[in-house]
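Notes follow the structure.
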Amino acid sequence: MTPPITTTLSEADFAVPIEDRCFEDYVPEAVYVYGSITVTEDDILRYAREFDPQFIHTDPEASLKGPYQGLIASGWHTCALMMRMYADHYISKAGGLASPGVDALRWVRPVRPGDSLSLRTTIHEARLSRSKPDRGLVHTGIEVLNQHGEPVLTMTAVNFLLRRAAAGDQGGGR
């Protein structure tokens with residue numbers, strides 16, 4: 001699969017480019033929208049055959065008789081598409097560190113062939129680490145939206161990010 005080309009869809013974006021972002025750039029209550037990625041039937045089938053071989057994801061004919069009356073993308077496929085937009089546009093390339101995980105992952109609507117997905121991020125909390133003064137912890141509300149603006153996936157991502165002085169000490173990159 002060719003990586004999708006996505007762009008900023010919101011009126012506002014970060015004040016600094018993704019290559020230079022650090023903890024201080026993630027301001028609580030800021031909202032950003034990125035996208036879009038159009039999901040094809042071939043994408044759904046390819047992903048599901050390799051990673052989630054359930055008939056609702058792999059068999060267009062049989063899925064018509066299933067609970068969603070048609071083919072739908074695996075929720076994990078939807079997560080992978082979200083991660084592509086998140087990595088391309090949101091999480092810092094200079095200050096991004098490991099993530100301890102995600103909270104409250106929900107697949108709230110099926111993703112179908114032809115759906116066009118975008119990513120809406122809302123910074124819920126940004127606080128300094130209590131144990132490591134060179135970094136902070138950012139909690140980001142994530143919604144993956146379909147072409148109708150309806151959420152198909154929601155979750156909260158948690159990321160460690162270097163503070164600006166610490167990122168500068170590392171040459172600004174990882």
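A pairwise comparison of heavy atoms in Val138 and Ala126 identifies CG2-CB, 4.2 Å as the closest pair. Taking all atoms of both residues into account, the shortest heavy-atom contact from Leu137 to His139 is CD2-NE2, 3.7 Å. For Thr58 against Pro53, the heavy-atom pair with the smallest separation is CG2-CA, 3.7 Å. Across every non-hydrogen atom of Ala157 and Val102, the tightest pair is CA-CG1, 4.3 Å. When every heavy atom of Ser131 is checked against every heavy atom of Pro133, the shortest pair comes out as O-CD, 3.8 Å. Looking at every heavy atom in both residues, His77 comes nearest to Val39 through CE1-CG1, 4.4 Å.
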Could you go through Val152 and Leu117, starting from their C-alpha distance and side-chain angles, then the distance that decides it, and tell me whether this counts as side chain to side chain contact (heavy atoms under 4.5 Å, CB included)? CA-CA 9 Å; Val152 298; Leu117 305 179; 4.1 Å; yes
Decide side chain to side chain contact (heavy atoms under 4.5 Å, CB included) for Cys79 and Leu105; before the verdict, give the C-alpha distance in whole Å, the side-chain angles of both, and the deciding distance to 0.1 Å. CA-CA 9 Å; Cys79 285; Leu105 171 63; 3.9 Å; yes
Between Leu45 and Thr40, does a side chain to side chain contact (heavy atoms under 4.5 Å, CB included) hold up when you go through it step by step? CA-CA 9 Å; Leu45 295 171; Thr40 68; over 6 Å; no
Pair Val16, Arg164 - check side chain to side chain contact (heavy atoms under 4.5 Å, CB included), show working. CA-CA 12 Å; Val16 296; Arg164 184 153 276 109; 4.2 Å; yes
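Counting heavy atoms from C-beta on, the side chains of Arg112 and Leu71 never come closer than 4.5 Å. Looking at Thr38 and Ser116, their side chains come closer than 4.5 Å, going by heavy atoms from C-beta outward.
Note that the CD1 atom of Ile91 and the CE atom of Met85 stand 15.0 Å from one another [nearest 0.5 Å]. Interatomic distance, Leu161 CG to Ser129 OG, rounded to the nearest 0.5 Å: 11.5 Å. Taken to the nearest 0.5 Å, the OH atom of Tyr90 stands 7.5 Å off from the OH atom of Tyr32. Between atom CG of residue Leu119 and atom CE of residue Met83 there is a gap of 10.0 Å, rounded to the nearest 0.5 Å. Remark: Met155 CE to Glu143 CD distance equals 12.0 Å, nearest 0.5 Å. Distance check, rounded to the nearest 0.5 Å: OG1 of Thr140 to CG of Asp103 gives 11.5 Å.
In terms of modelled atom types and a separation under 3.5 Å, the side chain of Ser63 and the main chain of Gly66 share no donor-acceptor contact. A donor-acceptor pair under 3.5 Å is absent between the side-chain atoms of Glu150 and the main chain of Arg109, judged by distance alone. Panel note: side chain Arg120, backbone Val31; no donor-acceptor pair is recorded below 3.5 Å. Ser36 places no side-chain N or O within donor-acceptor distance of the main-chain N or O of Ser118, the cut-off being under 3.5 Å.
A donor-acceptor pair shorter than 3.5 Å can be found between the side chains of Asn159 and Tyr86.
Applying the side chain to side chain contact (heavy atoms under 4.5 Å, CB included) test to Ile18 and every residue at least two apart in sequence or in another chain returns Arg21, Lys93. Shown here are the side chain to side chain contact (heavy atoms under 4.5 Å, CB included) partners of Asp52, two or more places apart in sequence or in another chain: Gln54, His57, Ser74, Trp76.
With hydrophobic clusters built from ILVMFWY side chains whose heavy atoms lie under 4.5 angstrom apart, Val108 does not share a cluster with Met82. Under the 4.5 Å side-chain heavy-atom criterion for grouping Ile, Leu, Val, Met, Phe, Trp and Tyr, Leu128 is not connected to Val27 through any hydrophobic cluster. Ile142 and Leu145 are members of different hydrophobic clusters when ILVMFWY side chains are connected at heavy-atom separations under 4.5 Å.
Ring geometry, His89 versus Tyr34: the interplanar angle falls under 30°, so the pair is classed parallel (tilted spans 30 to 60°).
In this structure, Phe160 has its ring center no closer than 6.0 Å to that of Phe23.
Under a 4.5 Å side-chain heavy-atom criterion applied to ILVMFWY residues, the cluster that includes Tyr68 comprises Phe55, Ile56, Ile72 as well.
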